[in-house]
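Some notes on the structure that comes next.
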There are 2 protein chains.
Amino acid sequence: MKKNILIVEDHELTRFGLKTTFEDVDFVGVIYEAASAEEALEIFKNNSIDIVIMDLGLPNMNGIDATQAIHEINKETKIIILTSHNDEKEVLNSLKAGANAYCSKEINLQRLVNVVQSVADGAAWFDPSIAHIVLQATAKSDVGEPNTNYKDYDLTAREAQILKLMTEGYSNMEIAQHLVISVNTTKAHVASILQKLEVDDRLQAALKALKYKIV
Amino acid sequence: MKKNILIVEDHELTRFGLKTTFEDVDFVGVIYEAASAEEALEIFKNNSIDIVIMDLGLPNMNGIDATQAIHEINKETKIIILTSHNDEKEVLNSLKAGANAYCSKEINLQRLVNVVQSVADGAAWFDPSIAHIVLQATAKSDVGEPNTNYKDYDLTAREAQILKLMTEGYSNMEIAQHLVISVNTTKAHVASILQKLEVDDRLQAALKALKYKIV
DNA sequence: ATAATAATAAACTATAAGATGTAATTAAAT
DNA sequence: ATTTAATTACATCTTATAGTTTATTATTAT
């Protein structure tokens, strides 16, 4: 199964280097070249392309927008960012846009070929210069902790409902109107919530609710 | 610069296969072997190890805990998870624990060698079977929006400081004590904060501060 | 110098919040 | 069928907590 590659890179020299590198690789089929994002989209729409190697610093439409556009057309296409930019924002925005790998231009060519091949198979790869950004971002991702860590404070349905509204910043009056009950009732519920959550006031209740993903 | 590798794997067969694979690789120095997490930690503490290849399904202490323990001892050590588990929780918890790469045991040996080498250089690599988990997690990561999207409400340093304390659920009295100023002063600052954030009360202020990552 | 901004504070007000007790309604248990 | 417990609901009360306003001093910029 040969893979067709689209190289998006405005500098002819680099483009030529890339093309030459991949020409001799056995898993590579047709190699397309684009010097701008616009050209890349045109080529992408009219050909069957498996892998895109994308520079970020392009004239007019930038590489991140191009990545997003391509990703929206075909989510199966693997997009490899190849750039010298390496700040956190660029990296994460690329990934948000749909990139599967992020390479520095300093990369060794043989390694680049390996990366392209494994990314074509579905892997994700991140350059040493930015790997920490990705690792930190995933480490921060909130899986496993939603609620499970702490007790769920057996609130009644109504209490949970009111707590939810509290986390949205509503006053007792507003909550009462929302639920079409008296303010007094709302207050009673709130009092009960405060007790159950073992906090002093509604602010702390709301914060705790958000922190532990109650509601 | 040769790299020393520690293989942590309870099945002798797999361990032997790994060892044999890496024995002939030129960037590899000494290869250590452990059949359990406990043994691995023992070896790790007493030797200079650059790369750990870690199985997740170990007896007693599991691979994730072992990863965490090793990472805490030396954050420079690169840890490659090699496993057949591939559910989201395992993957993300591994990365939280400090892993740098995640491989399936179905991986082609030559590719594994490439992965180990590039991870040794600082790269991050994720197997096709779980790459989407990592990519989604990073895509969700909230970078780019912290503050930048919205105005930063030019709070003064003091105001920001007080807002921070508000987001931790402190009352005006408590804030005053913390900062060793009068409650009245605190109130004045709070009033100013409410105005600048265009909200009605401290609850809303705290919520907004958290949402937009002010403070 | 002068103006503007920030930090501090006191006095004032009020209302919104929270505490407490109780009644009506529903569900579970015997 | 009857009791018990739990949930929802409401009113009254009190106060202290929050927020407003105005003012003084200190710092910084023009």
Output the rounded distance in Å from [atom1] ([X]) to [atom2] ([N]).
X	N	atom1	atom2	result
K196(A)	dG18(C)	NZ	P	17 Å
K187(A)	dT15(D)	NZ	P	15 Å
Q161(A)	dT7(D)	CD	P	15 Å
D200(B)	dT17(D)	CG	P	21 Å
R202(B)	dT15(C)	CZ	C1'	15 Å

Between [X] and [N], does any side-chain N or O lie under 4.0 Å from OP1 or OP2?
X	N	answer
T185(B)	dA9(C)	yes
T156(B)	dT5(C)	no
R158(B)	dA7(C)	no
H189(A)	dT8(D)	no

Identify the residue among N93(B), I130(B), I133(B) that makes a side-chain contact (heavy atoms from CB on, under 4.5 Å) with E88(B).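 Per the side-chain contact (heavy atoms from CB on, under 4.5 Å) rule, the option paired with E88(B) is I133(B), out of N93(B), I130(B), I133(B).
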
Neighbours of DNA chain D within residues 170-182 of chain A, by heavy-atom distance under 4.0 Å: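 Only I181(A), S182(A) qualify.
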
Could you tell me which nucleotide pairs with dT30(D) by Watson-Crick or G-U wobble geometry, both distances under 3.5 Å, or answer none if nothing does?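 Checking every strand shown, dT30(D) finds its partner in dA1(C), with both distances under 3.5 Å.
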
Has [X] got a side-chain atom pairing as donor or acceptor with [Y]'s backbone, closer than 3.5 angstrom?
X	Y	value
R111(B)	N114(A)	no
D87(B)	K89(B)	yes
N4(B)	S48(B)	yes

Reckon V183(B) touches a base, only the sugar-phosphate, or nothing at all at heavy-atom distances under 4.0 Å?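 Since no nucleic acid heavy atom lies under 4.0 Å of V183(B), the category is nothing.
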
Output the single nucleotide from dG18(C), dT20(C), dG19(D) whose closest atom is nearest the side chain of D201(B).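 The answer is dG19(D), which lies nearest to the side chain.
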
Looking at dA7(C), dA19(C), dA10(C), which one has an atom nearest to any side-chain atom of N184(B)?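 Closest nucleotide to the N184(B) side chain: dA10(C).
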
Quick check: are there more than 12 heavy atoms from other residues, nucleotides or ligands sitting under 6.0 Å from NE2 of H178(A)?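 Above 12, so yes.
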
If you draw a 6.0 Å radius around CE in M61(A), do more than 12 non-hydrogen atoms from other residues or ligands fall strictly inside?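 Check passes, neighbour count above 12.
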
Could you check T14(A), D55(A), T83(A) and say which one makes a side chain to side chain donor-acceptor pair (under 3.5 Å) with K105(A)?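 Of T14(A), D55(A), T83(A), side chain to side chain donor-acceptor pair (under 3.5 Å) with K105(A) is met by D55(A) alone.
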
